[in-house]
Amino acid sequence: MSQKPIVLHTAPHVKKPQDVPMIMRNVVYALLPIVAFAVYQFGISVLLLTIVVVLSCLGTERFFNWMSDKPSSLNDWSSTITGLLLALTLPPGFPLWMGAVAAFAGVAIAKVVFGGIGYNVFNPALAGRAFVQAAFPVAITTWTPAFFSGRFTEFVPSTLTSPLMMPPETAEWVKQVAVDGFSGATPLGMMKFQSISTPTADLLLGTVAGSAGETSALLILLCGAYLIARKMMNWQIPAWIFVGVIITSGVLYLINPDKYADPMFMLFSGGLMLGAMFMASDMVGSPLTPKGVMIYGLLIGFLTVLIRQFGSLSEGIMYAILLGNAMTPLIDTWTQPRLFGAQPKKGKSA
Amino acid sequence: MSLIKQDDTITVDTFMEGIWRENPVFVMMLGMCPTLAVTTSAINALGMGAATTFVLIASSLLVSLFRNLIPAGVRIATYIVIIATFVTLVDYIMQAYSQALYAAMGAFIQLIVVNCIILGRAEACASRNKPLKSMVNAAGMGLGFTLALLCLGGVREILGNGSLFGLPLFGEHFQPWVIMVLPAGGFLVLAGWLILFEWLKLRKQGRSQQVGGAVHEH
Amino acid sequence: MSGNTSTSMIVTLGFVTALSGFLIVTAYQTTKPAIEENKRLRIQQTVLEVIKGATAYKPFVITANGDLLEATPDLKGTNVYAGYDAQGKLMGLAAEGRAQGYSGSVETIYAYSPACECITGVKVIKQTETPGLGDKVITNKDFVANFEKLDAKLDAAGKALANAIVTVKHGSKKNPWEVDAISGATISSRAIAKGLNGSAQEVLPKVVPLLSTIEGAKP
């Protein structure tokens, strides 16, 4: 029996190649169940919207590749993820042409002009959403009911609006299809403007109105857990965001429970779960050090609650994450670990 | 600088330089404040451009006429007084002509005084050249500025309001892009134009390099 | 350079300033009538539009010490406009309201009808609210209908409004002095009502006792 020679290597010992396209592919796998549930919940409108948004993201990226004489960068999957995430944050009946605008704006403004993947300061999906939030404030706050009966055979009337045109009023159509008095408000909207809370079970299972992919907090948690288990996502980021949300909303709730929502509601409503799991944890836009991640997560959680409770919008996670992205370079500078053996600067301990 | 002292010949370039090669907005990046603030519609852009062009030409004439009399120590103060005079004239004329346009421009008419394009022209051109040449150059700069404002104002009005010079383009069901008439829209449209021009420039360079057999570098 | 002495500096600056003064005064004199005519036309158009049935109007000014005088160019104070029909009957009064909105001040001209002791119309003359949301205060028909007959009775002492004009949440208007806000544009709606309330509280107590004087002053 021949003995295998013992090979000695110096560190690092790479066991498995983990490159960008592979991580990105796994993020796509993790997002697919959420997309599937969104389609099951809201029907073919969401399916078509997702396809249009993803194709627009890819098209935009390819277009700028061509403009700057670079080889295609589509095979790193990052634009696919941007497209999927963006589609999940849009209202189910969002006009397709506006979805394409959001995709173009997100990829062009937030990603390409900064130099492509790895250089983007802001999460492209959120930047795209912020653009259409500012451009089409009415369409992006028009919600349609979940689980309406004809959802696999008919489109929401606003979906097929012709380009550049205003989407038709959906109020009449909603009255026809809605099972029980659907008010056109999301749980956060109801909380903010009518002080009506929604049962946590509904928020977990996703039987509420909202953006296409934000409604089932439980499913998003499971899909995020898959990425964490495969060590492809920093679990500390969502964890610190949750802590930030719980602390901030907890303090407010203790001050005045009639006026402010309870932490459980804050945690499971709106786009917080999707944003914390899949957008704030974007590797490019988030800090590197554990301490930096803590500051980043707490800041996003704090800002989200602040905007939700005191801002004029009912949802705050989008701007909170974008602000967190903007703070990241600064946080990284603050929290650089000291080199081993280096002297602390001017008598200050790090 | 192509403007060498005592060179009195007026060439096509004296006029054209402000429109393309040294466009105040797209190349020199001067006068950003009115560029971003009043270009929410094509009419506003045209009004602002016309007002600035008038001040530019008139102040260039006066500065050039007095160029040998103004002592160097007070030249900036003198230029500003001259510019402010013409801005005040424009202010009155615009009020008398159209209250609506005047209301849309707001404080930006008065702020033409501190538009660096005008002071820049007075210092770089009018104070060293004869009146006619200064005026031709100022007219080119003014036209370049107006065209640049129209580039921004046109896009912002088409997307933000579905019209151009107040004429509806897409019918009553047009969905306005609100962001385009907000300040953010100004920055985005300006950036879009800059990208386009830079890209055209690079392409032109690339082509001439390929013709010359040069290696394409990154 | 020999011209760089202080005398020549002063002389040059003085000359340029004198020239500029001359130009400005000339321009001011030439354009003044046109500017004033333009301003007057703008106010006339707005006032006659907002006071229903009025074909002529007369401007008044409430001065700092509370007197109501016919407007002259140098009189400063709160502007009030009286609108009359063809027979010279007083149709209503118009005044200016102003309050902070979502992104800047919202300025309005509103009409007050002595006959019903109520506000009968509001016109926004200046606003910078979010296009598509805040500017619904101009376009939303249900919201504009709030001001067709908005109660503005004075209290028994005649010193203030009996009921302050307030904005209420969309769909919960119960009393004739309440303004039903636009859902999604609450802040802009509130700015209109606040401007009305602020102006009406100040102007109406002073003007209402003098209605007969105003009626007699028809143009």
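Quick caveat, the model's predicted, so the values are computed rather than measured. In what follows, every chain begins at residue 1, and chains take the letters A, B, ... in the order their sequences are listed.
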Is any side-chain heavy atom of [X] closer than 4.5 Å to a side-chain heavy atom of [Y]?
X: B/M180; Y: B/E157; result: no
X: C/T78; Y: C/K206; result: no
X: B/M141; Y: B/I118; result: no
X: B/L190; Y: B/F26; result: yes
X: B/F165; Y: B/L150; result: yes

_Below 30° counts as parallel, above 60° as perpendicular, anything between as tilted: where do the rings of C/F15 and B/F66 land?_
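The rings of C/F15 and B/F66 stand perpendicular, inter-plane angle above 60°.
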
_Can you tell me how the ring of B/F170 sits relative to the ring of B/F174, calling it parallel under 30°, perpendicular over 60° and tilted otherwise?_
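Ring orientation, 0 to 90° scale: parallel.
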
*Using a heavy-atom cutoff of under 4.5 Å, enumerate the residues of residues 41-60 of chain B that contact chain C, numbered in order, or state 'none'.*
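The list, in residue order, is empty: none.
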
*Say whether C/T17 and C/S20, considering side chains only, have a donor N or O and an acceptor N or O under 3.5 Å apart.*
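No, because no side-chain N or O of C/T17 sits under 3.5 Å from a partner of the opposite role on C/S20.
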
*asked:* Quick one about C/E96 and C/Y81 (side-chain donor to acceptor, distance below 3.5 Å, no hydrogens or angles considered), yes or no?
replied: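 A pair is found: one side chain offers a donor N or O, the other an acceptor, under 3.5 Å apart.
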
_Under a 4.0 Å threshold between the charged nitrogen and the carboxylate oxygen, would B/R121 count as salt-bridged to B/E17?_
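Here B/E17 pairs with B/R121 in a salt bridge, since their nearest N and O are under 4.0 Å apart.
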
*Contact class of C/L13 relative to chain B, heavy atoms under 4.5 angstrom*: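 Contact with chain B is through the side chain of C/L13 alone.
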
*asked:* Quick check on C/T12 against chain B: is it the side chain, the backbone, both or neither that has a heavy atom closer than 4.5 Å?
replied: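 The answer is the side chain of C/T12.
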
*asked:* If I measure from the heavy atoms of chain C, does B/Y97 come under 4.5 Å with its side chain, its backbone, both, or neither?
replied: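 The backbone, not the side chain.
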
_Under 4.5 Å from any heavy atom of chain C, what part of B/T78 do you find: side chain, backbone, both or neither?_
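Answer is both: backbone and side chain atoms of B/T78 are under 4.5 Å from chain C.
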
*Between C/V11, C/T30, C/I35, the one whose heavy-atom pairs under 4.5 Å with chain B are most numerous*: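 Option with the greatest count: C/I35.
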
*Write out all pairs satisfying salt bridge (Lys or Arg N to Asp or Glu O under 4.0 Å) with one or both partners inside residues 181-192 of chain B, taking only residues at least two apart or from two chains.*
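Salt bridge (Lys or Arg N to Asp or Glu O under 4.0 Å) check on residues 181-192 of chain B returns no pairs.
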
*Pairing residues for C/P205 by the side-chain contact (heavy atoms from CB on, under 4.5 Å) criterion, not counting sequence neighbours*: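 Listed in chain order: C/L154.
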
*So which of B/A84, B/S98, B/P176, B/A96 has the largest heavy-atom pair count under 4.5 angstrom toward chain C?*
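Most heavy-atom pairs under 4.5 Å with chain C: B/A96.
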
*When B/L89, B/T85, B/I82 are compared by non-hydrogen pairs under 4.5 Å with chain C, the top option*: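 With the most close heavy-atom pairs to chain C, the winner is B/T85.
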
*asked:* Suppose a student defines contact as a heavy atom less than 4.5 Å from any heavy atom of chain B. Which residues in residues 38-55 of chain C would they list?
replied: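 The list, in residue order, reads C/N38, C/K39, C/R42.
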
*If only atom types and distance count, is the side chain of B/E22 paired as donor or acceptor with the main-chain N or O of B/M28 below 3.5 Å?*
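Between the backbone of B/M28 and the side chain of B/E22 there is no qualifying donor-acceptor contact (under 3.5 Å).
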
